Amino acid sequence: MDENRIRLKDKRRIVIKIGSSSLTHEETGEVNLIKLEKLVRELCDLRNRGIQVVLVSSGAIAVGARTLGLSERPRETALKQACASVGQARLMMIYQRLFAEYNCIASQILMTKNTMLNAINRQNAQNTFEELLGLGVIPIVNENDTISTYELSRLQQFGDNDTLSAVVTAMIGADLLILLSDIDGLYTDDPHLNPDAGFIDTVERIDEKIMSLGKGAVTHVGTGGMATKLSCARIATAAGADMIIARGSDMGIIHRLMEGEKSGTLFLADKEENFDLEKYLI
Ligand code: GLU
């Protein structure tokens, strides 16, 4: 067995990110309750193993749009934000119910880019995470979409939860980030276009060659493509965490990965001396 995979068993603080495409049914856009239920069971079991867990969940806009009866994902900023307001509350209601089934306490943390750029806000967020994790709570994080502005530049918002999850990983000093998406991981080329594209199971160092593989492989429901995921890997690994990109079609992948199964692409921690998160945000 691969040493790097075996070491995943020793992770004590992990962040798991689930994208909108992994928690809704592709055909209808409705919430996939079976998947969510399995996800929550996996997370509660990790916590029962003594691992501190943070969930970064997208889906506010997708669930809100569905709830309001919109036939497609909204484009206009104010409507997106209205959807996020409806959907975030509804999503949390579903999560709360499911977590309660397994006797787990979940909480909600909504962040903006400002939370990270403002030192006092960042410290507050950090303190809250520490306190919650110490209490055995599973924080559920999303961007505060109702006040983050999609139209303004990347300076104003994270825009996608891949980036948000990498930032959270760095901020709380987590030792593993798992991005669950609708792609298997990193290929040498776009597998939809090139049948000879090879799968990369481990990335030891993120160099320019790896970064150039970020083309194509865009998901349909969420916002983060492979290029974004590679930037996340840069942040997470430089902060000292391992990161995995894996397909979230079967949530059982979470415990299998933690047991050393060779699925997805593992990016090995490559801690940067004097890592400065702000440098990656601007
Ligand atoms: N924050 C957005 C939502 O919850 C999703 C962003 C993303 O797709 O990564 O709907």
Side-chain angles (χ1 to χ4, degrees), residues 15-26 28-32 35-36 39-40 54-96 106-116 125 139-154 156-169 177-183 214 217-233 235-236 243 245-248 280-281:
V15 176
I16 296 180
K17 183 256 168 176
I18 170 122
S20 307
S21 59
S22 302
L23 48 80
T24 49
H25 286 285
E26 203 185 330
T28 60
E30 296 281 358
V31 176
N32 187 329
K35 240 181 183 182
L36 270 197
L39 167 70
V40 169
V54 172
L55 172 65
V56 176
S57 175
S58 304
I61 297 174
V63 170
R66 219 33 238 151
T67 308
L68 292 168
L70 308 183
S71 54
E72 56 176 35
R73 193 180 165 90
R75 279 176 237 278
E76 188 212 328
T77 302
L79 183 56
K80 269 188 192 168
Q81 290 174 318
C83 287
S85 175
V86 171
Q88 181 65 26
R90 189 164 273 238
L91 200 55
M92 280 311 295
M93 192 177 74
I94 301 172
Y95 274 128
Q96 290 291 10
S107 73
Q108 171 182 268
I109 298 189
L110 298 179
M111 294 177 48
T112 64
K113 202 158 189 178
N114 254 336
T115 319
M116 303 307 302
I140 303 177
V141 184
N142 197 357
E143 182 158 10
N144 196 345
D145 293 318
T146 55
I147 58 167
S148 303
T149 309
Y150 283 82
E151 278 166 349
L152 300 180
S153 70
R154 301 269 308 162
Q156 307 291 324
Q157 59 147 183
F158 293 112
D160 65 85
N161 279 356
D162 291 331
T163 307
L164 175 61
S165 61
V167 166
V168 168
T169 300
L177 166 62
I178 302 178
L179 295 183
L180 293 177
S181 177
D182 54 3
I183 43 179
V218 185
T219 69
H220 298 297
V221 188
T223 47
M226 187 48 90
T228 310
K229 289 181 173 50
L230 290 174
S231 308
C232 295
I235 300 176
M243 186 184 111
I245 300 175
R247 184 180 285 279
Y280 286 89
L281 292 178

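No experiment lies behind these values; they were computed from the predicted model shown. Both ligands and their constituent atoms are indexed starting at 1 by order of listing.
For ligand 1, the polar-atom distance check against Ile61 finds a nitrogen or oxygen pair separated by under 3.5 Å. Residue contacts with ligand 1: Asp162 is placed with no nitrogen or oxygen under 3.5 Å of a nitrogen or oxygen of the ligand (distance criterion only). Here's the thing with Ser57: none of its N/O atoms is less than 3.5 angstrom from an N/O atom of ligand 1. In terms of polar-atom proximity, defined here as any N/O pair under 3.5 Å, Lys17 makes no such contact with ligand 1.
At least one side-chain heavy atom of Met111 sits under 4.5 Å from a side-chain heavy atom of Val168. Here the side chains of Met243 and Thr169 are not in contact, with every heavy-atom distance at 4.5 Å or above. The shortest side-chain heavy-atom distance between Asp162 and Lys17 falls under the 4.5 Å cut-off.
Using modelled atom types, no side-chain atom of Lys80 and backbone atom of Ile61 make a donor-acceptor pair closer than 3.5 Å.
The proximity of Asn161 to ligand 1, defined as any non-hydrogen pair under 4.0 Å, involves the side chain as well as the backbone.
The local environment of CZ in Arg247 is crowded, with over 12 non-hydrogen atoms from other residues, nucleotides or ligands closer than 6.0 Å.
Note on ligand 1: Ala84 sits outside its first shell, no heavy atom being nearer than 4.0 Å.
Near Ala60, the atoms of ligand 1 lying under 4.0 angstrom from a non-hydrogen atom of the residue are 3 (C), 4 (O), 10 (O). Here is the list of ligand 1 atoms found below 4.0 Å of a heavy atom in Gly59: 3 (C), 4 (O), 10 (O).
The side-chain hydrogen bond (donor to acceptor under 3.5 Å, both in side chains) test applied to Ser107 returns no partner, not counting sequence neighbours.
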